[in-house]
Protein chains: 2
Amino acid sequence: MIFSKSCVYGLRAMIYLASISREGYVSIKGLSEKLDISFHFLTKILQELTADDLLESMKGPKGGVRLSKSGGEITLKEVVKAIDGPGIFTECVLGLPGCGSEKPCPMHDMWEGTRDKINDVFTTTSLQDMSKEGKAKDLRITPDGQFIWG
Amino acid sequence: MIFSKSCVYGLRAMIYLASISREGYVSIKGLSEKLDISFHFLTKILQELTADDLLESMKGPKGGVRLSKSGGEITLKEVVKAIDGPGIFTECVLGLPGCGSEKPCPMHDMWEGTRDKINDVFTTTSLQDMSKEGKAKDLRITPDGQFIWG
DNA sequence: TATATTTAAGATAAAATTGTCTTAAAACTT
DNA sequence: AAGTTTTAAGACAATTTTATCTTAAATATA
């Protein structure tokens, strides 16, 4: 698995949030049921995204979370970085600290191009891109087919 | 981190093994010291590679492990698959089982090209490619700079 | 103001990964 | 044949990740 479970859950939630109105807040409880993710676990993940200013949250009735910017302004990379860190966009495949053009490992050149490509697609793809794609074609973002857009 | 620690250790060991003669066996103890990896942990990882027929092993004095084929005949992908499984080359980024062209997730199209590229470079790059690169330019394959080729 | 609702935060638990230790089995050496 | 070296295998422990549970704090509503 390329991303942690936390990261995958975060991506699913963010893509869904980009598909709905940013007017009001969405309760995490409702989100967790819609996405079939443990409520408390999802809460923690969304807290990281809130701490990273990708989400805004509000307590109390009518409270919940919502995107801090429009879905078109949030990249997939921002979400991944907030949860799994920047490693996949920057790190050496062999896990060598300081690996780079000046002080490479044997796999550096072979991997650099691919890593750049990963960085590119995650930088140039927004949450809105994904939510539009999913909503337009009615694609699932949960393992079971229960999920419904809108 | 894109690969598990086990996988990274396995890759380092295999690249090193591809840099030396396949005549005799190399003791895992020696390997573990050279690569600065816990002996018992490395033993387990190499056992997986032996079970997958990428390594041959022999017990007793003069025993150890060696590549089962020449380093030019073993791809990086084979090593990764043996340890981390094929997931990174095949799986959905959102972790959806059955995600594919027929039943995609919203991220499928965006990710497919990159995943194919990962698959390509790991399929077309051999252990020998990496060991030659490392040995020729004297690049490190361990975090500290203690490692010495040959 | 009191109550209900909701996120925040922290404690705890379960599972997976990483790492260590012990014993067994095989092969070489003397 | 006996002893030494080495991988194989399994038990055990530590750490990280994943998941659950409880309490606190904030906010709306009545």
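Heavy atoms only: backbone and side chains are in, while hydrogens, waters and symmetry mates are out. Lettering of chains follows the sequences in order, A, B, ..., and the numbering in each one begins at 1.
- In the set D/dT29, D/dT7, C/dA27, the nucleotide with an atom closest to the side chain of B/Ser57 is D/dT7.
- Nearest-nucleotide positions on DNA chain C place A/Gly60 closer to the 5' end than the other of A/Gly60 and A/His40.
- Between A/Gly72 and A/Ser126 the shortest heavy-atom distance is O-CB, 3.7 Å.
- The only option from A/Thr124, A/Asn119, A/Asp120 that meets the side-chain hydrogen bond (donor to acceptor under 3.5 Å, both in side chains) definition with A/Lys77 turns out to be A/Asn119.
- Here the nucleotide nearest the side chain of B/Thr43, chosen from C/dA27, D/dA8, D/dT29, is D/dA8.
- The side chain of B/Lys29 places no N or O atom within less than 4.0 Å of a non-bridging phosphate oxygen (OP1 or OP2) of D/dT7.
- Judged purely by atom type and a 3.5 angstrom limit, B/Arg115 uses its side chain to pair as donor or acceptor with the backbone of B/Glu91.
- If you take CE of A/Met58 and P of C/dT6, they are 12 Å apart, rounded to a whole angstrom.
- When the nucleotides C/dT18, D/dT4, D/dA8 are ranked by their closest atom to the side chain of B/Lys5, C/dT18 comes out on top.
- A straight line from CG of A/Leu35 to P of D/dA19 spans 14 Å, rounded to a whole angstrom.
- Here the nucleotide nearest the side chain of A/Phe41, chosen from D/dT7, C/dA8, D/dA19, is D/dA19.
- Nearer the 5' end of DNA chain C, as judged by each residue's closest nucleotide, is the contact made by B/Cys7, out of B/Cys7 and B/Lys62.
- C/dA26 atom C1' lies 12 Å from atom OH of B/Tyr25, rounded to whole Å.
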- Between A/Glu112 and A/Lys117, is a salt bridge (charged side-chain N to carboxylate O under 4.0 Å, His left out) present by the stated rule, with each step listed? CA-CA 9 Å; A/Glu112 194 172 36; A/Lys117 174 144 184 163; over 6 Å; no
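- For A/Asp84 and B/Val26, each mapped to the nucleotide of DNA chain D holding its nearest heavy atom, the one lying further toward the 5' end belongs to B/Val26.
- A/Leu31 places its CG atom 13 Å from the C1' atom of C/dT6, with the value rounded to the nearest Å.
- At a threshold of 4.0 Å, the pair A/Glu78-A/Lys69 counts as salt-bridged, since one of the basic side-chain nitrogens sits closer than that to a carboxylate oxygen.
- Atoms NZ (A/Lys44) and P (C/dT7) sit 16 Å apart, rounded to a whole Å.
- Residue A/Thr50 places its side chain closer to C/dA8 than to any other of C/dA8, D/dT7, D/dT18.
- Atom P of nucleotide D/dT18 and atom CG of A/Asp36 are separated by 17 Å, given to the nearest angstrom.
- With C/dT7, C/dT18, D/dT27 as the choices, the nucleotide that has an atom nearest any side-chain atom of A/Ile28 turns out to be C/dT7.
- Counting non-hydrogen atoms under 4.0 angstrom, B/Phe39 reaches a base of the nucleic acid.
- Phosphate proximity of D/dT20 to A/Ser38: present, with a side-chain N or O under 4.0 Å from OP1 or OP2.
- Distance A/Glu48 CD to D/dT17 C1': 12 Å, rounded to the nearest Å.
- In this structure, the nucleotide among C/dA8, C/dC28, D/dT18 sitting nearest to the side chain of B/Pro61 is C/dC28.
- Using a 30° and 60° split on the angle between ring planes, B/Phe147 and B/Tyr16 fall in the perpendicular class, above 60°.
- If you take OH of A/Tyr9 and P of D/dT17, they are 15 Å apart, rounded to a whole angstrom.
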